[in-house]
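Data first, discussion second: the structure below is written as structure tokens.
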Amino acid sequence: KFAPFSADKELHTHFVNADVLLLYKGDFSQKAVVPMIRMMEENMQSLVEELSRQKKTFNVLVEVLQNISKHGQPNEKNKNTGVFMICKRDDTYILSAGNVIDREKAKTLNKILGNLASLNAEELNLLYRKTLRAERKPGGGAGLGLIDIYRDSCSRVKYEFSQIHENQLFYSISINV
């Protein structure tokens with residue numbers, strides 16, 4: 001069933017008024033994520049005036065997209081799907097993302113995010129350096145991505161886990177840069 005054109009107009013008006021710069025819903029495989037990263041890298045200079053904010057915004061963008069790509073729970077077509085959005089409010093860029101995640105991964109992630117939220121900037125920098133020097137676990141990353149997100153955020157990172165099915169949750173994160 002197709003939506004009437006009035007729905008398209010309403011969506012467009014809503015996204016313009018909310019200053020949505022990018023909205024993507026779909027496949028987050030490496031094949032899909034890499035062109036999105038390239039597109040945003042090319043557009044970052046016109047979107048973000050300040051060079052340090054450009055770098056932070058781009059860094060958070062890459063980390064969020066990579067996290068969905070690497071850690072999301074594949075759907076029935078074996079694709080990691082999710083949603084990603086960048087909005088601008090005043091001088092702040094808000095990057096939001098969401099994807100389905102396995103219950104056990106969600107428990108671990110919730111613990112990590114809670115720990116990171118409890119740290120101040122100096123403690124995050126110390127943890128970053130310590131993690132950088134630590135050995136990587138086989139099959140896993142060094143854990144620097146989430147630390148980077150917290151370091152680059154200009155305010156508290158918001159996240160939420162919502163029940164979908166018995167063993168699945170929808171993980172949402174919002175970062176202000």
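Computed from heavy atoms alone, side chains included, the values below leave out hydrogens, waters and symmetry copies. Worth saying up front: this structure is predicted, and the values here are computed from it rather than measured.
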When you compare the side chain of [Y] with that of [X], does any pair of heavy atoms fall below 4.5 Å?
| X | Y | value |
| --- | --- | --- |
| Leu95 | Phe84 | yes |
| Val64 | Ile149 | yes |
| Leu119 | Tyr150 | no |
| Asp152 | Thr57 | no |
| Tyr171 | Ile68 | no |
| Cys154 | Val177 | no |
| Val100 | Asn75 | no |

From [atom1] ([X]) to [atom2] ([Y]), nearest 0.5 Å:
| X | Y | atom1 | atom2 | value |
| --- | --- | --- | --- | --- |
| Asn43 | Arg38 | CG | CZ | 14.0 Å |
| His165 | Asp102 | NE2 | CG | 12.5 Å |
| Ile94 | Lys88 | CD1 | NZ | 11.5 Å |
| Lys158 | Ser172 | NZ | OG | 12.5 Å |
| Glu63 | Lys70 | CD | NZ | 7.5 Å |
| Met40 | Glu42 | CE | CD | 11.0 Å |

**Message:** Please determine whether a side-chain nitrogen of the Lys or Arg among Lys107 and Glu104 lies less than 4.0 Å from a carboxylate oxygen of the Asp or Glu.
**Reply:** yes
**Request:** Assess whether side chain to side chain contact (heavy atoms under 4.5 Å, CB included) is satisfied between Asn59 and Arg151, documenting all intermediate values.
**Result:** CA-CA 10 Å; Asn59 185 38; Arg151 290 172 68 207; over 6 Å; no
**Prompt:** Does the side chain to side chain contact (heavy atoms under 4.5 Å, CB included) test come out yes or no for Tyr93 and Leu21, once each step is laid out?
**Reply:** CA-CA 9 Å; Tyr93 292 86; Leu21 305 174; 3.7 Å; yes
For [X] versus [Y], what's the shortest heavy-atom pair and its separation?
| X | Y | result |
| --- | --- | --- |
| Ser155 | Asn176 | OG-ND2, 3.2 Å |
| Val20 | Cys87 | CG2-SG, 3.7 Å |
| Phe170 | Gly98 | CZ-C, 3.4 Å |

Should [X] and [Y] be counted in the same cluster of Ile, Leu, Val, Met, Phe, Trp and Tyr side chains packed under 4.5 Å apart?
| X | Y | value |
| --- | --- | --- |
| Leu65 | Val62 | yes |
| Leu144 | Ile112 | yes |
| Ile175 | Leu22 | yes |
| Leu126 | Leu132 | no |
| Phe58 | Val34 | no |

**Asked** In terms of heavy-atom contacts, does NZ of Lys79 have more than 12 from other residues, nucleotides or ligands at under 6.0 Å?
**Response** no
**Prompt:** Is the count of non-hydrogen atoms from other residues, nucleotides or ligands lying under 6.0 Å from Lys25 atom NZ greater than 12?
**Reply:** no
**Request:** Apply side chain to side chain contact (heavy atoms under 4.5 Å, CB included) to the pair Leu109 and His71, showing each step before the final yes or no.
**Result:** CA-CA 10 Å; Leu109 182 58; His71 304 294; over 6 Å; no
**Prompt:** Would you say the side chains of Gln30 and Ser69 form a donor-acceptor pair under 3.5 Å?
**Reply:** yes
**Request:** Classify the side-chain pair Arg103/Gln163 by whether it contains a donor and acceptor separated by less than 3.5 Å.
**Result:** yes
**Prompt:** Checking side chain to side chain contact (heavy atoms under 4.5 Å, CB included) against Phe15, which of Thr13, Leu11, Asp19 comes through?
**Reply:** Leu11
**Message:** With side chain to side chain contact (heavy atoms under 4.5 Å, CB included) as the test, pick out the partner of Val157 among Leu113, Leu116, Ile173, Leu146.
**Reply:** Ile173
**Message:** Assess the residue pair Ile37 and Gln66 against the criterion (side chain to side chain contact (heavy atoms under 4.5 Å, CB included)); give the C-alpha distance rounded to whole Å, side-chain angles, the decisive distance to 0.1 Å, and a yes or no.
**Reply:** CA-CA 10 Å; Ile37 291 171; Gln66 290 291 338; 3.9 Å; yes
**Item:** ring-ring contact (aromatic ring centres under 6.0 Å, His included) partners for Tyr24, two or more places apart
**Value:** Phe28
